Amino acid sequence: MRVRLGAAALVFTLVAAGAPGTGLAQAGRAPVAPPRTLLRGAALVLTMDPALGEGELGLLRGADVLLDGGRIARVGRGLDPAGARVIDVAGRIVMPGLVDAHNHLWQSLIRGCGAGQDVNGWLGQCVFPLFGFRFTRADAYAAVRLAALDLVSSGVTTTVEWAAGFGPEYVRGSLQALDDSGLRFAFSYFGSADPAVIGDIRLVKATLVDPNPRASLQIGGQPSPFPPFLDDLVASSRLAKDLGVKLHVHLLENVAQRQEGQVQVLELAGAIAPNLLAAHAIHLTDGEIDALGRNGVGALHCPLSNMRLASGVMRLARLRQAGVELGLGLDGGTNDTSDPFNNLRAAVGLQRATSLDPGAFPGVSEALRLATVGGARALGLSGEIGSLTPGKKADVVVLDPRAPNFAPLFGEVSQIVFNAQPANVEWVFVDGRALKERGRLVGVQEARIIEAAQEVSDRVRRLVTP
Ligand SMILES: [Zn+2]
């Protein structure tokens with residue numbers, strides 16, 4: 001119950017501050033026991049567990065999925081419905097919730113900004129001016145709450161918020177929004193050598209993250225050779241190891257960053273280790289890729305962002321060959337949408353377009369694995385999520401393909417990658433609790449959340465040229 005007490009205190013603060021559109025009715029979710037739910041008679045279940053069904057996706061046709069106590073209880077045909085809420089999913093596709101391994105939810109405020117920029121131009125135009133903005137809790141809440149809603153609606157059940165260094169109030173508003181969203185999440189708190197920041201990271205972990213079974217902490221870092229970033233990275237790497245959490249950096253996203261010797265900076269900071277997550281990891285040499293693989297580093301592919309910012313194309317096949325764990329990420333405002341299906345299409349298409357090989361990794365099945373079990377493994381959460389293996393958390397989505405953009409069912413697995421849209425996401429469960437039900441988000445006032453984000457965005461826009 002400690003989490004509820006902490007959350008309640010934060011709720012009180014937000015209400016007292018007159019936070020706009022907070023949707024705080026959601027904060028009461030945790031104390032209710034997760035319901036027992038039977039998803040009955042799916043056209044296709046992608047268990048993502050080869051031991052449960054056919055092929056590497058563990059496919060089962062005409063099967064049921066039983067959710068109980070917040071976990072997957074059973075998967076199979078003709079399961080006993082006793083004591084369960086039975087949901088008829090005939091004609092539907094059931095699969096694990098999608099894992100978004102790298103995002104910046106606060107950037108919902110700056111969607112569409114810097115459309116003709118590369119990452120450095122985009123940061124200069126759209127992000128750096130915001131260090132003069134002074135985010136309140138309510139501001140951060142409004143931004144993150146909107147993006148979280150978009151993620152849930154799109155079939156994402158786990159996200160990673162790589163948070164900018166906008167200060168403790170921003171951190172708390174973001175965490176409250178993530179908690180209220182019902183999503184499973186990792187919060188990547190931007191690290192520093194400053195003892196006050198380190199103290200706050202420890203405090204946030206102990207009071208707001210660890211007591212929340214849906215939350216985990218990461219430390220965010222920047223592999224730059226310039227002060228104060230190098231000192232910050234050294235301290236962050238040390239702290240991440242001390243806390244037993246991931247260190248999450250952006251690595252060689254733009255080719256100009258090769259001049260910064262980012263891999264060498266990570267080596268210098270002692271950061272190339274199994275707890276390192278590297279977003280983008282595009283402009284790496286073969287030797288650097290092998291070093292990442294040898295050291296158990298995870299790399300997170302954000303293809304829509306890479307396309308928008310003219311960043312380049314990640315060498316996915318080479319990274320996989322080197323043994324690097326791979327996941328997919330949506331990457332915030334440089335993607336603009338939270339659509340994981342667009343991301344899947346881009347992950348498949350970019351490799352084909354650059355290799356001229358329709359058999360290039362990842363194929364459609366491999367891309368679906370990256371978006372589920374792959375991301376879960378990279379985040380160190382594969383014991384709990386990523387597949388519909390009994391005993392794992394009941395993070396499940398139901399797609400309804402009976403729509404003009406998706407029907408008829410013909411090559412279902414390929415259609416998830418090539419046809420699916422967020423509008424086809426009919427049900428979303430996290431810990432067995434429905435966050436989206438028959439195509440509608442549960443228990444939220446969408447208009448208020450949108451309005452609140454627009455109000456903050458209007459103030460941000462005075463500092464930023466779109
Ligand atoms: Zn990013």
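Because the structure is predicted, anything quoted here is derived from the model rather than measured. As the structure lists them, so they are numbered: ligands from 1, and atoms in each ligand from 1.
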To the Zn ion (ligand 1), the closest N, O or S atom belonging to His104 is NE2
Determine whether the aromatic ring centres of Phe166 and Trp106 lie less than 6.0 Å apart.
yes
From the Zn ion (ligand 1) out to just under 2.8 Å, does an N/O/S atom of Glu253 turn up?
no
Check ion pair Arg145-Asp180 (N to O, under 4.0 angstrom):
no
Look at Cys302 and state whether any of its N, O or S atoms is less than 2.8 Å from the Zn ion (ligand 1).
no
Spell out, as yes or no, whether a donor-acceptor pair under 3.5 Å connects the side chain of Arg111 to the backbone of Asp336.
yes
Atom nearest to the Zn ion (ligand 1) - Asp331, N, O or S atoms considered:
OD1
Here's one to test your reading of the geometry: is the NZ or CZ of Arg320 within 45 degrees of the ring axis of Phe361 and under 6.0 Å from its centre?
yes
Presence of N, O or S from His102 under 2.8 Å of the Zn ion (ligand 1):
yes
Below 6.0 angstrom between ring centroids: does that apply to His280 and His102?
yes
